[in-house]
Amino acid sequence: PYTQAWFNIPGWLRNALIIVLGIGFPIALFLAWRYERSPDGFVRSSSDKSWQNPLKASQRKPLTGNIIMGSLAIVILILIIIPAYKNTTDVTETIPAISLQEKSIAVLPFTNMSNDPNQEYFSDGMMEEILNHLFKIGDINVTSRTSVMRYKGTTKPIPEIAKELGVSTILEGSVRKSGNRVRITVQLIDGITDKHLWAETYDKQLNDVFAIQSEVAQTIANALQAEVKPEVLQRIESQPTENTSAYNLYLEARNLNLYDEEENIKAINMFHEVIRMDPNFSYPYVELGLRLQTGATLFATDGGMDPARAWIISKPYFEKALLLDPDNPQAHLRMAWSILWFEWDFEGAETEYKKTKKIYPNYSWTDFLIATGQFEEAVQGAERSMEIDPSSALSWAGIITAQYFSGQHQEVLNTIQKALDDPVQFYSLFTLSESSRVYLYLEKYEEALEIVRNIKNKSPDIKSPRLDAIEAISEFKLGNQKETDKILEKLMVKSQENAGGSPSFYLAMVYSVMGEIELAFKWLEKSYQDHEVEMYWLKVEPPFESLRSDIRYQEMLDKVGFPN
């Protein structure tokens, strides 16, 4: 309890106590040796008036006893001060022990207490940075940002939120930013009893925000009895930039919508400005790389982007981020995805994946594991993700595909139904997309078609060749050849514009199901030449079953570079 209490008190008091022990205590010993209190006041121990005077045996007292008593007095004083300390700026409560089975937390969106509503990005940024620190502590199950953002501004009781997110503790907070001053208040709350476990208010300069983020993460780890390894502590305590203006602009840019073309362009320009302000700040390079790829992968907007061009312009930013900070987890994560998507380099992607896992121990890359045929490992990782973050769309999408590919067909039907019954997942693009995909594999064409139409009605601006292919195959299997032909024509037009979203790959898929083998290989070759992202799925996609006995299929797998 004293170790816990020691780290709960402010740094200034800890420093003062260290000075007392390290400097004041030796001085006190010296003075106790040289001087003493006598009936005539303080005198030298060597004086004839000293009570220690060997010539006055009746007054002699053991010097060691004085020193021991003095030492005990100082130690007792410190032991009283440390656990008894309470922050004078706010309520700081002693943190009760939490059982080792309950190392789970959700960090709710912080409330913006500033007079300016445009400061919302800053409060969101503070929440996310603390969240990222907690992700690095593998001993804690942390709910993702996407799962908690739906509680922004909520009035739901904490126990209800904790139950929905499957966590034992909740961190909530507020941020007030004014000029170069920032006031951050955080509270750690028991998710079952709604009892406040710990609370703190930080009233600091803006350049102290990194220290605040680190201290909050460490205090939470202490409360949850989580082990923080030395290398993890070093990452948590590192300061990404000394330029607070650059950091502030970075948070503002990151808050802009990735899938809104106008906002995305604005964010790209802002990240360039952040880099100009601090060229050694690694975070904006990662964000730039990500945003420059928009429209080249699974979901594309009307414009889209060729994958080859997307990789050429984005790769240098990920490389620069890793050069500046080899332990940047987001840089390793984005690099892993990109190497798989744009280079089809399975070995290189796995290397980056393992580096990501070292920093984010609880992260599991279900797509990669499935695409490379590691189905059982994919299920284990997906189940772990669901356990940690049961409200995340990525967790649901991962478990749905993993269950199907591992042969758990009845289980996956139950999972899809649970997802469709969930009011949150029913509106999730990723969850619905993977549900329609698996329905197609299981030959439930009406169900697959219904979900695709639902997605397109809710998100008309999102263009996805994968959804088009699911719709075309379902219509074909239901006997609606005319509808299939319309979708094929639309995909052909898209493939002539650019390769964003992999239209040629999905044309090949539709023709494979229709038994048009030559057309299927024709479009697969174009997909290969255009370096379409979705080619990394070729080896395991069930709709390509009709091609697998053809020697050209294995030749294509070899050209792409699939591991044996």
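- Considering every non-hydrogen atom in both A349 and F368, the closest pair reads CB-CE1, 4.2 Å.
- The residue from F342, F505, W344 that alone fulfils the ring-ring contact (aromatic ring centres under 6.0 Å, His included) condition with H531 is W344.
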Show the numbers, then the answer: is there a side chain to side chain contact (heavy atoms under 4.5 Å, CB included) between L292 and F271?
CA-CA 11 Å; L292 290 170; F271 284 125; over 6 Å; no
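- Using bins of under 30°, 30° to 60° and over 60° for the plane-to-plane angle, the ring pair W337/W341 lands in the tilted bin.
- Salt-bridge annotation for E263 and K266: absent, with no side-chain N of the basic residue lying under 4.0 Å from a carboxylate O of the acidic one.
- The shortest distance between side-chain heavy atoms of L432 and V452 does not fall below 4.5 Å.
- For P279 against R276, the heavy-atom pair with the smallest separation is CD-O, 4.1 Å.
- V379 approaches I399 most closely through the heavy-atom pair O-CD1, 4.5 Å.
- Taking CG of L256 as the start and CG of N264 as the end, the distance is 8.5 Å to the nearest 0.5 Å.
- In this structure, CG on D260 lies 9.5 Å from CD1 on I265, to the nearest 0.5 angstrom.
- Side chain of S123 to main chain of V175: no donor-acceptor pair is present (N/O by atom type, distance under 3.5 Å, no hydrogens or angles).
- The shortest side-chain heavy-atom distance between T201 and T185 falls under the 4.5 Å cut-off.
- Once rounded to the nearest 0.5 Å, the distance linking CH2 of W396 with OG1 of T415 reads 6.5 Å.
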Practice prompt. Could you walk me through whether K355 and E352 pass the salt bridge (Lys or Arg N to Asp or Glu O under 4.0 Å) test, one step at a time?
Written response: CA-CA 5 Å; K355 291 178 180 177; E352 288 297 326; 3.8 Å; yes
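- For the pair K152 and V148, the minimum side-chain heavy-atom distance is 4.5 Å or more.
- Although no hydrogens or angles enter the test, the distance criterion places no donor-acceptor pair under 3.5 Å between the side chain of K358 and the main chain of D327.
- The backbone N or O of S392 lies less than 3.5 Å from a partner atom in the side chain of S147, making a donor-acceptor pair.
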Handout entry: Working for side chain to side chain contact (heavy atoms under 4.5 Å, CB included), residues Y202 and E215
Key = CA-CA 10 Å; Y202 304 89; E215 184 173 337; 3.6 Å; yes
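- Put simply, the side chain of L333 does not reach to within 4.5 Å of the side chain of V286, judged on heavy atoms.
- Pairing each heavy atom of N457 with each of P460, the nearest pair is O-CD, 3.8 Å.
- Every side-chain contact (heavy atoms from CB on, under 4.5 Å) that E231 has, sequence neighbours left out, goes to K229, R235.
- Looking only at distances, no side-chain donor or acceptor of Y536 sits under 3.5 Å from a matching main-chain atom of E343.
- Atom-to-atom distance recorded for I170:CD1 and T143:OG1 is 7.0 Å, nearest 0.5 angstrom.
- A search for side-chain contact (heavy atoms from CB on, under 4.5 Å) contacts involving L290 returns E287, R334, not counting sequence neighbours.
- For the ring pair (Phe, Tyr, Trp, His ring centres under 6.0 Å) test, residues two or more places apart in sequence or in another chain that qualify with Y247 are F210.
- Using a distance-only test at 3.5 Å, with no hydrogens or angles considered, no donor-acceptor pair links the side chain of S174 to the main chain of T111.
- In this structure, E160 does not pair ionically with K163, as no charged nitrogen and carboxylate oxygen lie closer than 4.0 Å.
- Contact check for F110 versus I130: side-chain heavy atoms found under the 4.5 Å cut-off.
- Partners of I388 under the side-chain contact (heavy atoms from CB on, under 4.5 Å) rule, at least two apart in sequence or in another chain, are N141, N362, R384.
- With contacts defined as side-chain heavy-atom distances shorter than 4.5 Å, the pair P329/K136 qualifies.
- Judged purely by distance below 3.5 Å, without hydrogens or angles, the side chains of N112 and S114 pair a donor atom with an acceptor atom.
- Using a distance-only test at 3.5 Å, with no hydrogens or angles considered, a donor-acceptor pair links the side chain of S104 to the main chain of S168.
- Counting only distance, with no hydrogens or angles, the side chain of N243 and the backbone of D278 share no donor-acceptor pair below 3.5 Å.
- K357 places a side-chain N or O within 3.5 Å of a backbone atom of P361 that can act as its donor or acceptor partner.
- Nearest heavy atoms, K177 versus N248: CE-OD1, 3.3 Å.
- Contact of the D139 side chain with the K103 side chain is registered, since non-hydrogen atoms from C-beta on lie closer than 4.5 Å.
- Atom CG of L108 sits about 8.5 Å away from atom CE of M127, to the nearest 0.5 Å.
- Two residues are said to be in side-chain contact when any heavy atoms from C-beta on lie closer than 4.5 Å; M270 and V274 fail this criterion.
- Heavy-atom minimum distance, M126 versus I184: SD-CD1, 4.0 Å.
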Original post:
Is there a salt bridge (Lys or Arg N to Asp or Glu O under 4.0 Å) between E129 and R254 once you walk through the steps?
Top reply: CA-CA 12 Å; E129 290 302 313; R254 192 178 61 175; 3.2 Å; yes
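- Contacts of F281 classified as ring pair (Phe, Tyr, Trp, His ring centres under 6.0 Å), with partners at least two apart in sequence or in another chain: Y250, Y283.
- With hydrogens and angles ignored, the 3.5 Å screen pairs no side-chain donor or acceptor of D530 with any backbone N or O of E532.
- Of the inter-residue distances, the one linking L394 atom CG with S385 atom OG reads 9.0 Å to the nearest 0.5 angstrom.
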Q) Would Y363 and Y353 count as a side chain to side chain contact (heavy atoms under 4.5 Å, CB included) if you check the C-alpha gap in whole Å, the side-chain angles of each, and the deciding distance to 0.1 Å? A) CA-CA 9 Å; Y363 174 69; Y353 172 37; 3.9 Å; yes
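- Residue pairs meeting the ring-ring contact (aromatic ring centres under 6.0 Å, His included) criterion with at least one member in residues 137-163: none, sequence neighbours excluded.
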Please report the C-alpha distance between V107 and I220 in whole Å, then the side-chain angles of each, then the deciding distance to 0.1 Å, and finally whether the side chain to side chain contact (heavy atoms under 4.5 Å, CB included) criterion is met.
-> CA-CA 11 Å; V107 182; I220 291 169; 5.5 Å; no
- Task: Would you please test D468 and K456 for salt bridge (Lys or Arg N to Asp or Glu O under 4.0 Å) and show each step?
- Result: CA-CA 10 Å; D468 290 338; K456 290 186 174 183; 2.7 Å; yes
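- Using a distance-only test at 3.5 Å, with no hydrogens or angles considered, no donor-acceptor pair links the side chain of K204 to the main chain of V182.
- Ion pairing of K494 with E497 is absent here, as no side-chain N (NZ or NE/NH1/NH2) approaches a carboxylate O to less than 4.0 Å.
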